[in-house]
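Lettering follows sequence order; numbering is per chain, from 1. Excluded from the calculations below are hydrogen atoms, water molecules and symmetry mates; all remaining heavy atoms, backbone and side chain alike, are included.
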Amino acid sequence: MNVIDSGNVAAATAVKLAKADVIAAYPITPQTPLTEKLSQMIDEGEMDAEYVAVESEHSALAVCIGAASAGVRAFTATSANGLLYMSEQVHWAAGARLPLVMCVVNRGVGAPWTVWNDHQDSISQRDAGWIQIYVKDHQEIMDTTIKAFRLAEEVSIPVMVCYDGYYLSHTYMPYDVPEQEKVDQFLPPYHYKHTLTPEAPENLNSVTMPDTRKDIRGDAAPCYMDIRYNLHDEMIQSIEKFEAIDSAFQEIFERGGNPVVTPYRMDDAEHVVVAMGTLANQFKVVIDRIREESGIKVGVLAINLYRPFPIDYIIKALEGRKGVVVYEKALSYGNQGALFGDVKSALYPCEKRPVIQNHIIGLGGREIKTDTLYETLIASCRKADENSGITDTPNWVGLQTVEPTAAER
Amino acid sequence: MGQDLFAIMTSNAEGGEGDAGNTGSWRVERPVINMALCTPAKKQKASCHLCWLYCPDGVISKDLEPEIIMEYCKGCGICAEECPTNAIEMVAESEFVEE
Ligand code: SF4
Ligand code: SF4
């Protein structure tokens, strides 16, 4: 069924279709309408789930951790400082290998306060051990959230579905709402192998020692470092799983493809823009114009799956190009763009390494004008062509009251 | 769904005494049960056993005279807190050190 509605409603509808049993969330802008919609659907009997009202984001995720451990499908959502307030539980959920799904409606992090969009919130959690997927439109919010439950449950790793605050959360766009029957066919009932029952009590995530120790039967129990290696190893295996899940989704719903990275006009591209979320979509318009007006052969690579980081995909897409320009709405302060650093390290072993540049853009909702993207991208392509004036420091696009210093040196 | 191939390593284990190592060495106070006040001991009938239920280390037995395994009791004092007849007293470990 085709509808026109907001991204937050798309997410809430996906969670309903996925038949989540427990929702625990604390309202925070711009996520609020998502949790409001869920609580409304539960209240009106449209959705059969328990909505647990909590006093904080930390508790919200703690409730989901308890629910998932006790054998039901659980969901939460948050933004910005809310995500950081639950950070301790974010790490816990991953280490505990709980198949939770969380929507992060991306917003800049205070201080100073901002309610507007950038990616700093979820990027700051990239090392927590969650799978992170960045989506680009309303249909992707819907479909990816449904896929996320299956992925999380197949690999026992929690999944964040990240989408841009306001750009997606509050704007209205047409999208297809899948039929319940088909979703049921795609997403089997919740099953978690360490489900806690009164019949088989377990100690969950009990203390480990630096070395292997004996369990109560005298058998060797895994120790911390080995358990953490296993999480890392299985995260990397999740890339293949995500591909397989997307194929299964395509068979039933007849849409999808390219779940890990999405190429646009890449076939003959000499230069490639790398970006995540709505920014990658905005670039499609920009490069169409650049190709038409200046003849520069440029394409876009959207990174959808950011963790685990799809190194092989990046190499395949970017090796041998003249230039790569990473635009991003977050950074590792005192260093450079997080995505920039990741892309560079992925390309390090390549024989034919492209020239690679970094732009930081749109922090705290600073408007990202198509003209600005057009101008900065053309300038970057020229620099790469001439291989001059390339710096390893990120260029801050559109500063209004200070001059960019280090970047210009 | 192939889930068995994932999460092959966790620290989820069958509970029981000693699952967290020799936690008895953590103890600074020791629970001592006064059987004259303990309901099942007094009535010689299975009842109460709240200490057994609440002990986070599962080291209290469900006997008519509940016994505590000191090798693993970490001295948290939850049993003493929960005992409805105040039969359990937390006594400083130094009291048990021989001169
Ligand atoms: S809780 Fe107190 S009264 Fe009850 S069994 Fe334990 S020691 Fe005895
Ligand atoms: S103090 Fe009591 S509750 Fe705590 S570990 Fe020892 S026996 Fe168990």
Side-chain angles (χ1 to χ4, degrees), chain A residues 69 94-99 149-158 186-196 200-209 211-235 237-238 240-241 244-245 248, chain B residues 1-31 40 46-63 66-83 90 93:
Chain A
S69 307
R97 303 301 300 270
L98 291 168
F149 281 102
R150 181 154 160 191
L151 178 61
E153 289 165 27
E154 283 198 15
V155 302
S156 288
I157 297 172
F186 171 75
L187 184 65
Y190 182 86
H191 164 70
Y192 176 54
K193 68 180 187 182
H194 290 293
T195 295
L196 200 54
E202 274 189 276
N203 279 342
L204 299 182
N205 308 295
S206 51
V207 68
T208 49
M209 297 296 154
D211 297 314
T212 302
R213 64 182 173 83
K214 288 191 168 75
D215 67 12
I216 60 166
R217 287 175 187 269
D219 300 329
C223 47
Y224 187 86
M225 195 157 161
D226 299 42
I227 290 171
R228 286 285 164 162
Y229 168 74
N230 183 231
L231 168 62
H232 170 72
D233 183 45
E234 291 179 3
M235 262 188 98
Q237 293 179 44
S238 306
E240 232 171 85
K241 276 278 178 193
I245 287 168
Chain B
M1 280 171 66
Q3 201 186 46
D4 286 346
L5 298 170
F6 284 83
I8 53 170
M9 273 196 189
T10 57
S11 184
N12 296 343
E14 186 184 8
E17 61 192 45
D19 184 46
N22 182 9
T23 44
S25 65
W26 302 4
R27 204 171 51 237
V28 284
E29 286 187 329
R30 176 183 298 202
S47 63
C48 186
H49 289 126
L50 284 174
C51 51
W52 163 83
L53 182 66
Y54 279 97
C55 172
D57 274 346
V59 298
I60 307 183
S61 75
K62 216 174 163 185
D63 299 323
E67 262 186 71
I68 300 174
I69 306 167
M70 284 303 156
E71 209 180 336
Y72 302 118
C73 162
K74 63 186 172 196
C76 65
I78 289 174
C79 52
E81 191 66 30
E82 292 298 336
C83 173
M90 299 303 291
E93 274 300 317

Report yes if the side chains of A:Q237 and B:F6 come closer than 4.5 Å at any heavy-atom pair, otherwise no.
yes

Heavy-atom side-chain contact between A:I216 and B:E14 under 4.5 Å
yes

Flag if over 12 foreign heavy atoms under 6.0 Å of [atom1], [X]:
X     : atom1 : answer
B:E93 : CD    : yes
B:E81 : CD    : no
B:M70 : CE    : yes

Minimal heavy-atom distance between B:A7 and A:E234, with the atoms involved, is N-OE1, 2.5 Å

Qualifying residues under side chain to side chain donor-acceptor pair (under 3.5 Å), relative to A:R213, sequence neighbours excluded
none

Strictly distance-based, threshold 3.5 Å: is any side-chain N or O of B:N12 a donor or acceptor partner for the main-chain N or O of A:N205?
yes

Looking at [atom1] of [X] and [atom2] of [Y], how far apart are the two atoms once the value is rounded to the nearest 0.5 Å?
X      : Y      : atom1 : atom2 : result
B:I8   : A:K193 : CD1   : NZ    : 7.5 Å
B:S11  : A:H194 : OG    : NE2   : 10.0 Å
A:T208 : B:M9   : OG1   : CE    : 12.0 Å

Check whether A:N230 gets within reach of chain B through its side chain, its backbone, both or neither, counting any heavy atom under 4.5 Å.
side chain

Tell me, side chain or backbone of A:R217 under 4.5 Å from chain B's heavy atoms, or both, or neither?
side chain

Contacts of type ring-ring contact (aromatic ring centres under 6.0 Å, His included), residue A:Y190, not counting sequence neighbours
none

